[in-house]
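Heads up, the thing below is written out as structure tokens.
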Amino acid sequence: MTQTKGTLYKGREGMWSWVGHRITGVGIFFFLLVHVLDTSLVRVSPEAYDAVIGAYKNPIMIVGEIGLVGAIVFHAFNGLRIILVDFWSQGTRYHRQMLWTVMGLWVITMIGFTVRHLMLFLDGWGGF
Amino acid sequence: MTTTKSDALLPAQGIEAPRSGRIDPKYLRSGSSKSGSFEMAAWVFMRVSGAALVVLIFVHLTVNLLVGEGIHQIDFGFVAGKWANPVWQFWDLAMLWLAMLHGGNGMRTIINDYAEKDSTRMWLKSILYLSVIVIIVLGTMVIFTFEPCLLDSSGQLLESSPSFCQNV
């Protein structure tokens, strides 16, 4: 309502949330392909599964896991926002406020996840 | 803005108002075309499966990474322990199917958006559909044919077996 110049969509919250949703979606999709394949190793042998899943337990992958969960949490919260924009009668009116709510919840969730994941990782980590 | 002459609001003469009857019939929502009903079903599926996946995946991440020993607890025995329970088998099966179809449809949309050449689009979508089918079939077979209590060549229970195998 206060917008006096520029466009309603391009370069603004609507466009950037769409860009974020696409990029995180593609990333999650490719991880999912890998994750089904690595889990399938339980049908090869326990040793094969444990060896490959062990790769998820080194510090570099821990950082990657935080990034992956960050992508999933954004995609999840923004997806719920899309559902509200589509089905809630006031959805289009409050889509920007809902995006800031999504970002706020994302920050809170990611602080919680990152602290917990790092603590659990350091607890059981044998070092390099 | 209470003018009866709507023409006065248009920026230039000779430009028709939006949706003034020049829309190609294939873009109209009235009437039923086959691809239209498929796209509508896909649109609904993205929202229904998306909402379900939020619950499925958040619980999956919590149980596997945030409780117990977190990431260090994940090994063959952990998977075996979970899949001994039909609830987790069903949980992972639902996650597999919904996530692959949700992600597959998202990738289909992206390919349609950016691959402008017909042959490129067909190739990319063929590879996509094949990958989705292979992953869904593979994952489903793994969940249902999984054997938690493996024996070595001398008939002894493997060390990596979960503890409940002792009682079988």
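Remember, predicted model here, so these are calculated numbers, not experimental data.
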Should we count [atom1] of [X] as having more than 12 external heavy atoms under 6.0 Å?
X: F45(B); atom1: CZ; result: yes
X: W88(A); atom1: CH2; result: yes
X: I60(A); atom1: CD1; result: no
X: W18(A); atom1: CH2; result: yes

Joint hydrophobic cluster, [X] plus [Y], side-chain heavy atoms closer than 4.5 Å:
X: V87(B); Y: L56(B); answer: no
X: Y129(B); Y: I111(B); answer: yes
X: F38(B); Y: M122(B); answer: no
X: L150(B); Y: F146(B); answer: yes
X: V26(A); Y: W123(B); answer: no

How many angstroms lie between [atom1] in [X] and [atom2] in [Y], if you round to the nearest 0.5 Å?
X: T39(A); Y: L138(B); atom1: OG1; atom2: CG; result: 9.5 Å
X: I135(B); Y: L32(A); atom1: CD1; atom2: CG; result: 7.5 Å
X: M95(B); Y: H35(A); atom1: CE; atom2: NE2; result: 7.0 Å
X: I57(B); Y: I72(A); atom1: CD1; atom2: CD1; result: 6.0 Å
X: L65(B); Y: I66(A); atom1: CG; atom2: CD1; result: 10.5 Å

Self-check item: Verdict with supporting geometry, R22(A) and D113(B), side chain to side chain contact (heavy atoms under 4.5 Å, CB included)
Solution: CA-CA 12 Å; R22(A) 282 219 152 168; D113(B) 276 358; 2.5 Å; yes

Practice problem: Enumerate by number any residue of residues 114-121 of chain A whose heavy atoms lie under 4.5 Å from heavy atoms of chain B; in the absence of such residues, state 'none'. | Solution: R116(A), H117(A), L120(A), F121(A)

Side-chain heavy atoms of [X] within contact of [Y], under 4.5 Å:
X: V73(A); Y: F58(B); result: yes
X: W43(B); Y: D86(A); result: yes
X: L128(B); Y: F29(A); result: yes
X: V79(B); Y: Y49(A); result: yes

Self-check item: Which of M141(B), M107(B), E147(B) touches chain A most, by non-hydrogen pairs under 4.5 Å
Solution: M107(B)

Quiz item: So which of Q73(B), M46(B), E69(B) has the largest heavy-atom pair count under 4.5 angstrom toward chain A?
Solution: E69(B)

Exercise. For W88(B), enumerate each residue passing the ring pair (Phe, Tyr, Trp, His ring centres under 6.0 Å) test, keeping only those at least two apart in sequence or located in another chain.
Key: W91(B)

Measuring heavy-atom distances to chain A, does [X] have an atom under 4.5 Å in its side chain, in its backbone, in both, or in neither?
X: L66(B); result: both
X: T62(B); result: neither
X: F78(B); result: neither
X: M100(B); result: both
X: V67(B); result: backbone
X: L96(B); result: side chain

Nearest atoms (heavy-atom pairs only) where [X] meets [Y]:
X: W125(A); Y: H72(B); answer: N-NE2, 3.6 Å
X: R47(B); Y: F87(A); answer: CD-CE1, 3.8 Å
X: K57(A); Y: I74(B); answer: NZ-O, 2.7 Å

Quiz item: Any donor and acceptor pair, going by atom type alone, linking the side chain of D50(A) with main-chain N or O of D75(B) inside 3.5 Å?
Solution: no

Quiz item: Which atoms of H21(A) come close to chain B, meaning under 4.5 Å heavy atom to heavy atom: side chain ones, backbone ones, both, or neither?
Solution: neither

Quiz item: Non-hydrogen atoms of chain B under 4.5 Å away: do they reach the side chain of L80(A), the backbone, both or neither?
Solution: side chain

Quiz item: Just one of L41(A), V36(A), V42(A) clears the side-chain contact (heavy atoms from CB on, under 4.5 Å) bar with V142(B), so which one?
Solution: V42(A)

